[in-house]
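Everything quoted here is computed from the prediction, not taken from an experiment. In listed order, ligands and their atoms are each counted from 1.
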Amino acid sequence: MKVADAVGRALAAAGVGQVFGVVGSGNFHLTNAMIAGGSRFVAARHEGGAATMADAYARMSGTVAALSVHQGCGLTNAMTGIAEAAKSRTPLLVVAAEVTEPRSNFYVDQEALARAVGAVPVRVSTPETALGEARAAVATALRERRTVLLNLPLRLQTLDAPGAEAALAEVTPPEPPAPVEPSEADVAALTAVLDQARRPVFVAGRGARGPAARAALEALAERTGALLATSAVARGLFHGNPWSLDVSGGFASPLAAELIRGADLIIGWGCALNMWTMRHGRLIAPDATVVQVDDDPSALGAHREIHLGVTGDVAVTAQRVLEMEAAGAEPRPGCRSAALEAEIAARVRWRDVPYDDASTGERIDPRTLSIALDDLLPAERVVAIDSGNFMGYPGMYLSVPDEQGFCFTQAFQSIGLGLATAIGAALAQPDRLPVAALGDGGALMSVADLDRWWSWSTTTTPTARRSTTSALAATLSTPWCSPRPTSPPSPAATASRR
Ligand SMILES: Cc1ncc(C[n+]2csc(CCOP(=O)(O)OP(=O)(O)O)c2C)c(N)n1
């Protein structure tokens, strides 16, 4: 067995079940070997699209996904999507063919490229070590939540990998890391801070995505009277909870912002509490106590001053605090009351906030369109939003069923990632209707992979088939149909909406 085949099969055996890419001579054998090993391959039209499909797939499936690219130009085409994945700490494996001779026309310093965008570069170095290095790359992606570039030199690919057949039988998927247990002192300190609070608000972030953290946070909030919000990437986590304020930050509705600003304690759970989530700090009252819980100690206080930082897994820490609460303090309502519950139910959604509908006979107000789409599209959906000035409309007006129903590839704020995000998310959530909300600029920037959307959506499930229609409908929430800023609609044409 050649090294390229051995590496491809090892990646499949190590648990990489989904690979996206554009195949060239350098990654052809490797990709075929992955398929032979059991991975599913989706051929994209452009490596930029493939990178973001893989990123979105990994986020929405909770598995390590892979991107397979040709040497040099295949990798450079994918760099924006790789940067987005690396910034978002997506467990993604980029497998790239590599030339190591600087005079080759394909040569670029692939290791430096990876480092430049925050990805972890590694290389298959010998035929003897190839299998172990391939599995180790998957382990780094999974266990450290990193985007890893595995360089596979062309000069090695065609060499024999001694003993590979037998060794492959021993390759197993790496274990996910054990959840980080918080210290007793930190649990006690957090419990004491919560006991003092009268109006606590929990803001859950990327590190809280998943049913275990949701259950633990909802139980702790119930006992301590906390209100629940999320960062944009965790949007949907508390969907259906009567005390959910939906998103904190730029997408927050006026009532949500008012309640977060009124908190005397804000706890960021697996959440950076960065300028986007806290509106440059304006959502934090000057005298509020700010706490952060994160399993990565380097994340604590990285974006703003905090009063207490707890190193620990979100679900485990919330559970430990709940146990300490149960042993000591009485349950308390915080600011929860029947009146507030009714107010949240009536006003926390943007679609319930009154606005003057600026639609005319020729153009439709994007808020009105977004509300109509929210009504039209099935609730079981996965929403992907491109970057751009329009993004608030789908971000604020389209509801999502849970945190797996919202895929937000915005860490790099690049336009042009939204369509590929929707395709990757759709493949990870095949029973949900994918909705791609794109501006005209971002849509056309990524239009090559619309072809993937069409071919995939016309050959798969009925739900998926409907997706094409919704994608195009959502694309219309752009300046094509919104009022021109330079020509406001006449008062006569402006109907007032409640
Ligand atoms: C790759 C990239 N290039 C440029 C920008 C700067 N930029 C931000 S919004 C925007 C316009 C996007 O247009 P469109 O997709 O039509 O959405 P709109 O902003 O008009 O709502 C641009 C070019 C960016 N964020 N990313």
Side-chain angles (χ1 to χ4, degrees), residues 44-56 67 69 73-88 90 113 116-119 147 232-233 247 249-251 274-276 280 350 355 358-360 362-374 383-398 406-425 434-450 453 470-489:
R45 288 292 186 191
H46 191 288
E47 289 88 349
T52 298
M53 289 175 205
D55 180 358
L67 164 69
V69 295
C73 46
L75 181 63
T76 53
N77 260 0
M79 286 316 295
T80 301
I82 294 172
E84 167 63 36
K87 284 179 186 296
S88 298
T90 300
L113 277 178
V117 297
T147 294
V233 283
V247 181
F251 293 168
N274 64 21
M275 63 179 182
W276 307 111
H280 297 267
W350 268 104
Y355 68 95
S359 302
T360 67
E362 293 176 340
R363 292 176 179 271
I364 186 167
D365 188 314
R367 296 165 292 189
T368 306
L369 176 67
S370 303
I371 291 169
L373 284 171
D374 196 39
V383 176
I385 303 179
D386 202 6
S387 207
N389 296 290
F390 75 95
M391 64 192 288
Y393 299 117
M396 299 188 306
Y397 289 89
L398 296 185
F406 193 65
C407 196
F408 200 60
T409 46
Q410 299 285 346
F412 204 18
Q413 292 194 358
S414 172
I415 63 167
L417 306 187
L419 178 63
T421 300
I423 295 171
V435 180
L438 318 171
D440 55 328
L444 291 175
M445 185 179 271
S446 60
V447 76
D449 278 301
L450 192 59
W453 183 278
S470 63
L472 296 178
T475 299
L476 294 175
S477 65
T478 72
W480 284 342
C481 56
S482 60
R484 288 175 203 271
T486 46
S487 55

Legend entry - ligand 1 N/O within reach of G441 N/O, cut-off under 3.5 Å: yes
Inset, instruction - Tell me, with the steps shown, if L67 and I82 meet side-chain contact (heavy atoms from CB on, under 4.5 Å). - result: CA-CA 9 Å; L67 164 69; I82 294 172; 4.2 Å; yes
Legend entry - Element-labelled atoms of ligand 1 that are located less than 4.0 Å from some non-hydrogen atom of F390: 17 (O), 21 (O)
Legend entry - Nitrogen or oxygen atoms of G442 and ligand 1 under 3.5 Å apart: yes
Inset, instruction - Could you tell me which atoms of ligand 1, counted from 1 in the order shown, lie closer than 4.0 angstrom to a heavy atom of S414? - result: 1 (C), 26 (N)
Inset, instruction - Check whether any side-chain N or O of W350 sits under 3.5 Å from a backbone N or O of G395 as a donor-acceptor pair, and report yes or no. - result: no
Inset, instruction - Classify the angle between the aromatic ring planes of F406 and F408 as parallel (below 30°), tilted (30 to 60°) or perpendicular (above 60°). - result: parallel
Inset, instruction - Going by heavy-atom distance to atom 18 (P) of ligand 1, choose the closest among N389, D440, L417. - result: N389
Inset, instruction - Hey, could you give me each pair passing side-chain hydrogen bond (donor to acceptor under 3.5 Å, both in side chains) that has a residue in residues 408-424? Not counting sequence neighbours. - result: S387-Q410, T409-T421
Inset, instruction - Nearest heavy atom to atom 23 (C) of ligand 1 wins, so pick from L438, I415, L444. - result: I415
Inset, instruction - List for me each residue that meets salt bridge (Lys or Arg N to Asp or Glu O under 4.0 Å) alongside D386, sequence neighbours excluded, and say none if there are none. - result: none
Inset, instruction - Indicate, as side chain, backbone, both or neither, the part of Q413 found under 4.0 angstrom from ligand 1 when only non-hydrogen atoms are considered. - result: backbone
Inset, instruction - Determine yes or no for a side-chain-to-main-chain donor-acceptor pair under 3.5 angstrom, with T360 supplying the side chain and E362 the backbone. - result: yes
